[in-house]
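Read through the structure below, which is laid out as structure tokens, and then see the notes.
What you see is a predicted model, and the numbers here were worked out from it, not measured in a lab.
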Amino acid sequence: MSQQHSAAPAPTTRSAAAVATVAKRRDWWRDAVIYQVYPRSFADSNGDGMGDLEGVRSRLPYLRDLGVDAVWLSPYYASPQADAGYDVADYRAVDPMFGNLLDADALIRDARDLGLRIIVDLVPNHSSDQHEWFKRALREGPGSSLRDRYHFRPGKGASGELPPNDWESIFGGPAWTRVTEPDGAPGEWYLHLFAPEQPDFNWEHPAVGDEFRSILRFWLDMGVDGFRIDVAHGLVKAHGLPDLGSHDQLKLLGNDVMPFFDQDGVHEIYRQWRLILDEYSGERIFVAEAWTPTVERTANYVRPDELHQAFNFQYLATEWDARELREVVDRTLEAMRPVGAPATWVLSNHDVTRHATRFANPPGLGTQIRTAGDRELGLRRARAATLLMLALPGSAYVYQGEELGLPDVVDLPDEVRQDPAYFRGAGQDGFRDGCRVPIPWTRAGASYGFGSGGSWLPQPSSWAELSVEAQEGVPDSTLELYREALRIRRARPDLGAGDSVEWLKAPEGVLAFRRGEFVCVANTGEESVTTPAYGRVLLASGEVSETDGGEAKVPADTTVWFATA
């Protein structure tokens with residue numbers, strides 16, 4: 001045999017019966033494939049260069065035909081856009097750049113008709129500085145009850161000229177900004193773990209909890225199927241806001257429990273939220289963005305009375321290396337099993353360099369990379385990593401455009417950059433813009449089909465041949481690889497379900513595991529290897545050939561799926 005992957009049939013719509021089956025399937029989220037849409041970069045319906053909800057709605061049939069179960073939308077709430085919508089001014093309104101509430105309602109309804117579920121972002125750690133609460137807190141001055149809903153503190157020093165503690169912003173610089181009081185005098189400081197335009201809520205104040213429980217009900221009543229919780233590890237701060245004592249705090253993130261992250265008090269908040277969610281029919285879910293020191297601490301967020309899923313950032317940050325991958329897979333499954341939660345697997349999102357570029361570079365550079373690396377190598381590894389991820393038990397997340405094999409855009413001119421971290425001059429390298437460039441739909445046009453009026457970040461000319469139009473129906477394209485992989489995953493109960501894998505003996509640099517009547521072999525090494533031909537080849541990310549002895553020759557950076565029966 002010589003097989004990369006078979007030509008996928010032309011996309012077809014799901015039947016009404018299939019849609020009904022999807023809608024009624026119990027525990028759908030345990031093995032779901034969830035597609036992340038970054039609305040400003042997905043599809044532009046009105047030609048203003050910015051993606052919008054009507055654009056997303058128009059492309060829902062594409063997502064249905066891709067084969068995903070649900071769509072997660074990054075924030076579209078009313079916002080000054082200081083941090084691309086993660087600075088929310090009104091949690092019950094759609095920002096005009098994305099449309100209005102009627103557009104959101106139409107999108108949710110259309111998705112349901114197509115057998116897709118909608119998960120929306122929720123940003124409870126902080127608001128915009130243009131939120132009505134914060135604006136009133138500034139207007140009313142010291143002693144305002146509204147200031148108690150945030151973290152306002154007097155400064156240190158003889159005249160309060162120093163921040164209240166030594167915490168640093170994730171975007172670089174101090175995590176505190178001093179306000180000018182209504183009388184014009186320098187006054188109190190407020191906490192913002194991200195940009196100054198994103199003041200942190202004080203979750204010890206009962207009004208904050210009341211407000212977010214109301215916000216949950218608002219969107220659940222609109223018909224959303226769940227929430228992805230931004231900075232779910234935040235919200236609660238250590239009592240007294242103690243100094244951290246380190247002046248290189250960003251290096252500690254993800255390695256230690258910080259006084260402002262992963263505090264045990266967050267779990268009581270989520271227990272209250274779960275009670276609300278369970279009142280609604282249709283198996284609505286919570287997904288935690290929780291950066292924690294260990295996958296074991298991540299498991300705390302998905303105990304039976306809390307959230308349903310948590311992103312597996314330890315997996316995302318793992319190099320393309322068989323030993324490291326096996327270790328994180330084992331640790332993840334072991335950590336999730338006692339709490340009865342499904343594992344999740346993710347390779348890219350809107351905050352990290354796309355894995356097609358990460359894997360194109362030498363290991364050890366982290367998840368934000370400025371160099372393009374070896375594009376051919378990166379794409380080969382990205383395709384192989386996708387098949388490995390989709391063969392693991394649990395739920396998988398796909399970031400928009402990764403099904404096209406899109407790389408990061410690493411050469412954006414400084415004058416077009418918009419990531420706030422870039423302008424802070426410290427902390428993160430501010431290169432998240434590279435994974436947020438609008439995706440290409442067609443070979444030609446002002447923005448390769450994104451919209452009629454260009455795109456808010458420039459697209460490389462090479463993206464014409466990476467567009468949906470260029471790849472659709474092409475047997476060896478990355479798009480068709482994803483479509484076929486998701487079709488097989490949906491058709492075979494061995495994939496997605498369960499909480500364990502049976503590891504098989506394999507050569508150095510190779511992962512091989514069995515799941516029922518299915519075997520996955522992933523060669524992360526630099527040379528071809530020979531393995532047993534475990535059965536019929538279902539799918540492969542590259543050319544796989546059979547030897548005379550009934551063995552399979554698997555090239556470097558290639559994953560193959562076998563059906564054993």
Handout entry: Centroid separation Tyr190 to His126 less than 6.0 Å
Key = no
Problem - Contact check, side chains of Leu220 and Ile276, non-hydrogen atoms, under 4.5 Å - result: yes
Exercise for the section: Give a yes or no on this: more than 12 heavy atoms of other residues, nucleotides or ligands lie within 6.0 Å of atom CD of Glu204. Expected result: no
Exercise for the section: Kindly determine whether Tyr38 and Tyr76 satisfy ring-ring contact (aromatic ring centres under 6.0 Å, His included), including the steps that lead there. Expected result: CA-CA 9 Å; Tyr38 194 66; Tyr76 51 75; over 10 Å; no
Problem - Face-on cation placement of Arg153 at Trp189 ring, 6.0 Å and 45° thresholds - result: no
Problem - Charged N-O contact under 4.0 Å between Glu211 and Arg92 - result: yes
Problem - Euclidean distance, Phe201 CZ relative to Leu191 CG, rounded to 0.5 Å - result: 12.5 Å
Practice task
Check the side chains of Asp262 and Tyr301 for a donor-acceptor pair under 3.5 angstrom, ignoring hydrogens and angles.
Solution key: yes
Practice task
Decide yes or no for Pro342 and Met336: does some side-chain heavy atom of the first lie under 4.5 Å from some side-chain heavy atom of the second?
Solution key: no
Practice task
Could you verify whether a donor N or O on one side chain and an acceptor N or O on the other, from Gln130 and Ser128, lie under 3.5 Å apart?
Solution key: no
Practice task
May I ask you to decide if Asp351's main-chain N or O and Gln368's side chain share a donor-acceptor pair within less than 3.5 Å?
Solution key: yes
Practice task
Using modelled atom types only, decide if a donor and an acceptor are shared between the side chain of Glu402 and the backbone of Tyr399 within a distance under 3.5 Å.
Solution key: yes
Problem - Gln272 vs Arg213 side-chain heavy atoms within contact, under 4.5 Å - result: yes
Handout entry: Ion pair Glu181/Arg147, N-O distance below 4.0 Å
Key = yes
Fill in the blank from the handout: So CG of Leu307 and CG of Asn300: to nearest 0.5 Å the spacing works out to 11.0 Å
Practice task
May I ask you to check whether Trp219 and Tyr77 place their ring centres under 6.0 Å from each other?
Solution key: yes
Exercise for the section: Give the ring-plane orientation class for Trp345 versus Tyr315, where under 30° counts as parallel, over 60° as perpendicular and anything between as tilted. Expected result: perpendicular
Exercise for the section: Quick one: pull up CG in Leu235 and CZ in Phe260 and give me the separation to the nearest 0.5 Å. Expected result: 14.0 Å
Handout entry: Spatial distance of atom OG (Ser74) from atom CG (Asp121) [nearest 0.5 Å]
Key = 5.0 Å
Handout entry: Steps toward side chain to side chain contact (heavy atoms under 4.5 Å, CB included) verdict (Leu390, Val33)
Key = CA-CA 8 Å; Leu390 292 175; Val33 177; 4.3 Å; yes
Exercise for the section: Take Thr371 and Asn361, measure what side-chain hydrogen bond (donor to acceptor under 3.5 Å, both in side chains) needs, and give me the verdict at the end. Expected result: CA-CA 7 Å; Thr371 55; Asn361 281 273; 2.5 Å; yes
Handout entry: Result of checking Thr344, Thr298, Thr318, Thr332 against Asn312 for side chain to side chain donor-acceptor pair (under 3.5 Å)
Key = Thr332
Problem - NZ/NE/NH1/NH2 to OD/OE distance under 4.0 Å, Asp408 and Arg358 - result: no
Handout entry: Side-chain touch Asp52/Asp44, heavy atoms, less than 4.5 angstrom
Key = yes
Practice task
Go through the steps to decide whether Phe311 and Tyr397 satisfy the test ring-ring contact (aromatic ring centres under 6.0 Å, His included), and finish with yes or no.
Solution key: CA-CA 9 Å; Phe311 289 132; Tyr397 283 78; 4.8 Å; yes
Practice task
State whether Arg326 and Asp321 are salt-bridged, where the test is any N-O pair (Lys NZ or Arg NE/NH1/NH2 against Asp/Glu carboxylate O) under 4.0 Å.
Solution key: no
Handout entry: Salt bridge present between Glu161 and Lys156 (N-O < 4.0 angstrom)
Key = no
Problem - Within 45° cone of Trp456 ring axis and under 6.0 Å: Arg40 NZ or CZ - result: yes
Practice task
Taking the six-membered ring for Trp and the single ring otherwise, decide whether the centroids of Trp72 and Phe42 are under 6.0 Å apart.
Solution key: no
Exercise for the section: May I ask you to decide if Gly155's main-chain N or O and Glu188's side chain share a donor-acceptor pair within less than 3.5 Å? Expected result: no
Handout entry: Glu289 backbone acceptor or donor facing Asp230 side chain under 3.5 Å
Key = no
Handout entry: Tyr150 ring center within less than 6.0 Å of Phe134 ring center
Key = yes
Exercise for the section: For the pair Asp433 and Arg436, find out whether any cationic side-chain nitrogen is under 4.0 Å from an anionic carboxylate oxygen. Expected result: no
Exercise for the section: Under the side-chain hydrogen bond (donor to acceptor under 3.5 Å, both in side chains) rule, what do Tyr280 and Asp221 come out as? Steps first, then yes or no, please. Expected result: CA-CA 9 Å; Tyr280 288 79; Asp221 290 342; 2.9 Å; yes
Practice task
List the steps and the verdict of side chain to side chain contact (heavy atoms under 4.5 Å, CB included) for Arg136 and Leu138.
Solution key: CA-CA 5 Å; Arg136 281 184 55 195; Leu138 294 183; over 6 Å; no
Problem - Which atom of Ser348 lies closest to which atom of Leu316, heavy atoms considered - result: N-CD1, 4.1 Å
Practice task
Verify whether one side chain among His192 and Ser169 offers a donor that lies under 3.5 Å from an acceptor in the other.
Solution key: no
Practice task
For the pair Asn125 (side chain) and Val231 (backbone), establish whether a donor and an acceptor sit closer than 3.5 Å, ignoring hydrogens and angles.
Solution key: no
Exercise for the section: May I ask you to test the Gln459-Ile439 pair for a side-chain heavy-atom distance under 4.5 Å? Expected result: no
Handout entry: Thr357 OG1 to His355 NE2 distance, which is reported to the nearest 0.5 Å
Key = 9.5 Å
Handout entry: Lys/Arg N to Asp/Glu carboxylate O, Arg274 vs Glu306, below 4.0 Å
Key = no
Handout entry: Check: Ile119 and Ile34 side chains under 4.5 Å, non-hydrogen atoms
Key = yes
Problem - Side chain Arg178, main chain Pro163, donor-acceptor under 3.5 Å - result: no
Problem - Backbone N/O of Ile118 and side chain of Asp225: donor-acceptor pair under 3.5 Å - result: yes
Practice task
Would you please test Tyr86 and His350 for ring-ring contact (aromatic ring centres under 6.0 Å, His included) and show each step?
Solution key: CA-CA 12 Å; Tyr86 284 93; His350 64 292; 5.4 Å; yes
Handout entry: Sidechain-backbone polar pair: Glu168 side chain, Pro174 backbone, donor-acceptor under 3.5 Å
Key = no
Problem - Side chains of Gln198 and Asp83, donor plus acceptor under 3.5 Å - result: yes
Practice task
Return yes if a side-chain donor-acceptor contact under 3.5 Å exists between Arg432 and Thr353, otherwise no.
Solution key: no
Exercise for the section: Rounded to the nearest 0.5 Å, what's the gap from OH on Tyr91 to OG on Ser127? Could you check? Expected result: 5.5 Å
Exercise for the section: Would you confirm whether Trp203, through its side chain, and Arg149, through its main-chain N or O, come within 3.5 Å as a donor-acceptor pair? Expected result: no
Exercise for the section: Examine distances only and state if a side-chain atom of Arg337 and a backbone atom of Asp499 form a donor-acceptor pair shorter than 3.5 Å. Expected result: yes
Handout entry: Side-chain H-bond candidate by donor/acceptor type, Trp29 with Asp69, under 3.5 Å
Key = no
Problem - Side-chain heavy atoms of Asn349 within contact of Gln36, under 4.5 Å - result: yes
Handout entry: Ile229 vs Pro124 side-chain heavy atoms within contact, under 4.5 Å
Key = yes
Problem - Shortest non-hydrogen contact from Gly265 toward Val236 - result: C-CG2, 3.6 Å
Exercise for the section: Measure centre to centre between the rings of Phe261 and Trp291, then say whether the value is under 6.0 Å. Expected result: no
